[in-house]
Amino acid sequence: MPELPDVEVFKRYFDSTSLNQSIRDVKVSDQTVVKIPESGLKSVLIGYQFRKTSRRGKFLFANSGDSNWLVLHFGMTGYLHYSSVKDDPPDHTRLRITFDNENALSYVNMRKLGLVDHTESLKQYIREKNLGPDALHLDHKLFIEIIGRKKGTVKSALMDQSAVAGIGNIYADEILFQAGIHPKRPVSKLNEDEFHAVFRQTDPVLETAIEREAVPGRMPQHFMLPRREPGASCPKCRGNIEKIAVSGRSTFVCPNCQK
DNA sequence: TCCCGTGTTTATAT
DNA sequence: AATATAAACACGGG
Ligand SMILES: [Zn+2]
């Protein structure tokens, strides 16, 4: 689930549920995903309120005052869940933050590929993680420059978080499908028009996905995203969608529409 | 220095 | 029942 659009949806969910409520308790139920000991998290959270959030790529940051940032990354299976403290938290809840208003925010992650961390400096954390600029609303020239200097296939370039942050396996496929570019094309062989086609599709794909709350079934008819299965038909030409591997990741492509 | 393949993780499907 | 797969990244060899 969690690529840029999903994490942006999580951010809005966080903003609409969990800001400006005093934190009463913090429970860590998995100390491998949560990188800070429970006692440490308690000391930076209890008695504070989340004031604002920030997103860079697939990372979500929640601020509760000067030099106090909670870091959330969702891996492949993470999400947020907010409910009454009296309700049982979902399975695989790794962290639960309880507010004075009797509600609680849970960080849920079935697999342990994500992380919860803490940092005093957003800038420094982003630098340490080597994250490129956010993929959404990226400047045209910068996008072309960053992607253009990469080696390898255009799909792996788009998915490189140190180049442009936020695009993962699903949305790389979608952007390239909308752009009519084959994911295995080497970046070095793309001409100016093809670079431009990829750039031109990036914002609309990401923005549309956010509008539809990143739910596959709510995507527009011309999206390939809900059709990631062998034998599906291309929404543009009705041809057969092909499943291939690119940098070891499952990739769906219409060989007729993507050259 | 950069790119790519491998390992990590756990529930599901075959 | 073993095996493969899945929206993630870290790491090490070439
Ligand atoms: Zn097609």
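Numbers restart at 1 for each chain; the letters A, B, ... are given by sequence-line order, proteins then strands.
Taking the C1' atom of each, C/dA10 and B/dA11 are spaced 23 Å apart, rounded to whole Å. Taking the P atom of each, B/dT6 and C/dA4 are spaced 14 Å apart, rounded to whole Å. For the P atom pair drawn from C/dC9 and B/dT12, the interatomic distance equals 23 Å after rounding to whole Å. Nucleotides B/dG5 and C/dT5 have their P atoms positioned 16 Å apart, rounded to a whole Å.
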Requested in this report: Kindly indicate, with the supporting measurements, whether the criterion salt bridge (charged side-chain N to carboxylate O under 4.0 Å, His left out) is fulfilled by A/Glu8 and A/Arg55.
Outcome: CA-CA 7 Å; A/Glu8 179 61 27; A/Arg55 185 188 55 72; 2.8 Å; yes
Report task. Report the C-alpha distance between A/Glu229 and A/Lys243 in whole Å, list the side-chain angles of each, state the deciding distance to 0.1 Å, and finish with yes or no for salt bridge (charged side-chain N to carboxylate O under 4.0 Å, His left out). Result -> CA-CA 8 Å; A/Glu229 51 193 27; A/Lys243 182 182 179 183; over 6 Å; no
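Ion pair A/Lys42/A/Glu38 flagged as a salt bridge, since at least one NZ, NE, NH1 or NH2 atom sits closer than 4.0 Å to an Asp/Glu carboxylate oxygen.
Scanning residues 151-179 of chain A for heavy-atom distances under 4.0 Å to DNA chain B yields A/Lys151, A/Gly152, A/Ser156.
Between the P atom of B/dC3 and the CZ atom of A/Arg149 lies a distance of 10 Å, rounded to the nearest Å.
Nucleotides of DNA chain C with any atom under 4.0 Å from a heavy atom of chain A span, from 5' to 3', C/dA6 to C/dA10.
For DNA chain C, the stems formed by at least three consecutive Watson-Crick or G-U pairs, with both atom-pair distances below 3.5 Å, span B:2-8 with C:8-14, B:10-14 with C:2-6.
Linking Ile, Leu, Val, Met, Phe, Trp and Tyr residues whenever their side-chain heavy atoms come within less than 4.5 Å leaves A/Val205 and A/Ile241 in two separate clusters.
In this structure, A/Lys243 and A/Phe59 both approach DNA chain C, and ranking their closest nucleotides by distance from the 5' end singles out A/Lys243.
Checked against the 6.0 Å centroid threshold, A/Phe74 and A/Phe10 count as a close aromatic pair.
Here the side chains of A/Glu207 and A/Ile210 are not in contact, with every heavy-atom distance at 4.5 Å or above. At a threshold of 4.5 Å between non-hydrogen side-chain atoms, the residues A/Arg228 and A/Ile170 count as touching. Within the 4.5 Å cutoff, the side chain of A/His73 has heavy atoms near those of the A/Lys58 side chain.
Identified under the ring pair (Phe, Tyr, Trp, His ring centres under 6.0 Å) test for residues 141-187 of chain A, with sequence neighbours left out: A/Phe143-A/Phe199.
A distance-only check finds a donor-acceptor pair linking the side chain of A/Thr251 to the backbone of A/Arg249 [under 3.5 Å].
In this structure, CD1 in A/Ile175 is found 4.0 Å from CD1 in A/Ile167, a value given to the nearest 0.5 Å.
Here A/Phe14 pairs with A/Phe50 under the ring pair (Phe, Tyr, Trp, His ring centres under 6.0 Å) rule; sequence neighbours left out.
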Report task. Could you run through nucleotides 9-14 of chain B and give me one letter per nucleotide, 5' to 3': B if any protein heavy atom sits under 4.0 Å from the base, S if only the sugar-phosphate is that close, - if neither? Result -> BBS---
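Around CD of A/Glu128, the count of heavy atoms belonging to other residues, nucleotides or ligands within 6.0 Å exceeds 12.
Across all strands, A/Ser250 comes closer than 4.0 Å only to sugar-phosphate atoms, never to a base (heavy-atom distances).
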